[in-house]
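Heads up: the structure comes next, in structure tokens.
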Amino acid sequence: MLKKMGEAVARVARKVNETVESGSDTLELRLEGNFLHRLPNEVSTLQHLKAIDLSRNQFRDFPEQLTTLPALETINLEENDIVDVPVEKLAAMPALHSVNLRFNPLSAEVRVIAPPLIKFDMLMSPEGARAPPP
């Protein structure tokens with residue numbers, strides 16, 4: 001398990017570094033299913049990033065460096081272990097259209113506080129819902 005996680009982190013760091021070093025205006029970063037539990041700090045330099053797919057990883061905390069990306073429109077964090085979400089920071093993101101948090105054990109507080117504060121689509125599963133087997 002640790003070996004898989006180390007390989008996944010190395011892949012992610014390599015992909016992010018290649019993007020940053022090439023000066024690419026990458027619009028989408030797909031890192032789904034990589035056993036990730038945090039993002040490398042370099043992600044915060046991707047100021048033109050429009051979409052990020054972090055589904056089917058092992059995030060327990062919402063990766064808050066995403067809230068600093070001004071062009072980000074879509075965040076997919078489906079099937080992680082996220083309980084709390086920085087709703088106020090997400091609400092302040094100018095370009096954000098959609099956050100997918102299906103199949104995360106979101107707290108009751110997030111479920112109550114989020115809807116009146118946000119101007120984007122926040123997809124959530126019913127409380128206690130489980131992802132279908134792969």
Side-chain angles (χ1 to χ4, degrees):
M1 176 76 145
L2 283 177
K3 184 178 180 192
K4 278 186 179 180
M5 190 175 305
E7 290 170 2
V9 169
R11 261 196 321 272
V12 170
R14 218 174 11 257
K15 186 164 185 166
V16 171
N17 284 333
E18 287 168 5
T19 302
V20 171
E21 289 170 5
S22 70
S24 171
D25 285 343
T26 298
L27 301 178
E28 184 174 355
L29 189 56
R30 298 183 55 105
L31 300 171
E32 70 276 8
N34 278 300
F35 300 98
L36 300 175
H37 59 89
R38 63 182 172 82
L39 289 177
N41 292 333
E42 291 83 359
V43 167
S44 61
T45 65
L46 302 175
Q47 296 297 300
H48 300 286
L49 188 67
K50 292 198 179 286
I52 189 163
D53 186 349
L54 298 168
S55 61
R56 297 184 325 279
N57 279 293
Q58 297 175 350
F59 288 94
R60 292 184 184 275
D61 299 314
F62 188 96
E64 288 203 34
Q65 63 260 58
L66 297 180
T67 65
T68 66
L69 302 176
L72 196 57
E73 297 175 355
T74 305
I75 301 170
N76 185 356
L77 281 160
E78 185 171 357
E79 290 186 48
N80 280 280
D81 294 312
I82 297 169
V83 174
D84 197 24
V85 177
V87 176
E88 295 83 8
K89 289 180 180 180
L90 290 172
M93 293 177 69
L96 193 60
H97 294 298
S98 174
V99 178
N100 183 351
L101 291 165
R102 288 186 189 123
F103 303 115
N104 280 281
L106 298 173
S107 71
E109 182 180 355
V110 168
R111 293 174 179 281
V112 171
I113 290 175
L117 291 178
I118 58 174
K119 59 188 180 298
F120 52 85
D121 292 330
M122 190 155 120
L123 307 174
M124 297 182 278
S125 297
E127 195 168 352
R130 297 267 186 253

> Which pair of heavy atoms, one from Leu72 and one from Leu66, lies closest together, and at what distance?
Replying inline: CD2-O, 3.8 Å
>> Restricting to non-hydrogen atoms, name the atom on Pro94 and the atom on Pro70 that form the minimum distance, rounded to 0.1 Å.
In response: CG-O, 3.8 Å
> Can you name the residues that form a salt bridge (Lys or Arg N to Asp or Glu O under 4.0 Å) with Glu64, not counting sequence neighbours?
Replying inline: Lys89
> Do Pro63 and Leu77 have side chains that get closer than 4.5 Å, going by heavy atoms?
Replying inline: yes
>> I'd like to know if the side chain of Gln47 and the backbone of Ser44 have a donor-acceptor N/O pair within less than 3.5 Å.
In response: yes
> Should we count CG of Asp61 as having more than 12 external heavy atoms under 6.0 Å?
Replying inline: no
>> Under a 3.5 Å distance rule, please check whether Gln65 uses its side chain to pair with a backbone N or O of Leu39 as donor and acceptor.
In response: yes
> If two hydrophobic side chains count as joined below 4.5 Å and joins carry through other members, does Phe59 share a cluster with Leu123?
Replying inline: no
> If we only count heavy atoms from C-beta on, is the Met124 to Leu106 side-chain gap below 4.5 Å?
Replying inline: yes
>> As a quick check of understanding, evaluate side chain to side chain contact (heavy atoms under 4.5 Å, CB included) for Ile52 and Leu46, giving each step before the final call.
In response: CA-CA 11 Å; Ile52 189 163; Leu46 302 175; over 6 Å; no
> So, does Asn57 use its side chain to make a donor-acceptor pair with the main chain of Phe35 at under 3.5 Å?
Replying inline: yes
> Lys119 and Met93: which non-hydrogen atoms are nearest, and at how many Å?
Replying inline: NZ-O, 3.5 Å
> Got a donor-acceptor contact below 3.5 angstrom from the Asn34 side chain to the Leu36 backbone?
Replying inline: no
> Taking Ser125 for the side chain and Phe103 for the main chain, is one N or O donor matched with an acceptor at less than 3.5 Å?
Replying inline: yes
>> Checking Ile118 against Val99 for the side chain to side chain contact (heavy atoms under 4.5 Å, CB included) test, could you report, in this order, the C-alpha distance in whole Å, the side-chain angles of both residues, the deciding distance, and whether it holds?
In response: CA-CA 10 Å; Ile118 58 174; Val99 178; over 6 Å; no
> Got a second to check how far His97's NE2 is from Thr74's OG1, nearest 0.5 Å?
Replying inline: 7.0 Å
>> Please find the pair of heavy atoms, one from Ser55 and one from Asp53, that lie closest to each other, and give the distance.
In response: OG-OD1, 2.7 Å
> Between Val110 and Met122, is any pair of side-chain heavy atoms under 4.5 Å apart?
Replying inline: yes
>> To check you understand the geometry: which heavy-atom pair defines the closest contact between Asn104 and Asn80, and what is its length?
In response: OD1-C, 3.0 Å
> Can Glu73 and Lys50 be counted as an ion pair, charged N to O under 4.0 angstrom?
Replying inline: yes
>> Measuring from atom CG of Asp81 to atom CD of Glu79, what distance do you get when rounded to the nearest 0.5 angstrom?
In response: 10.5 Å
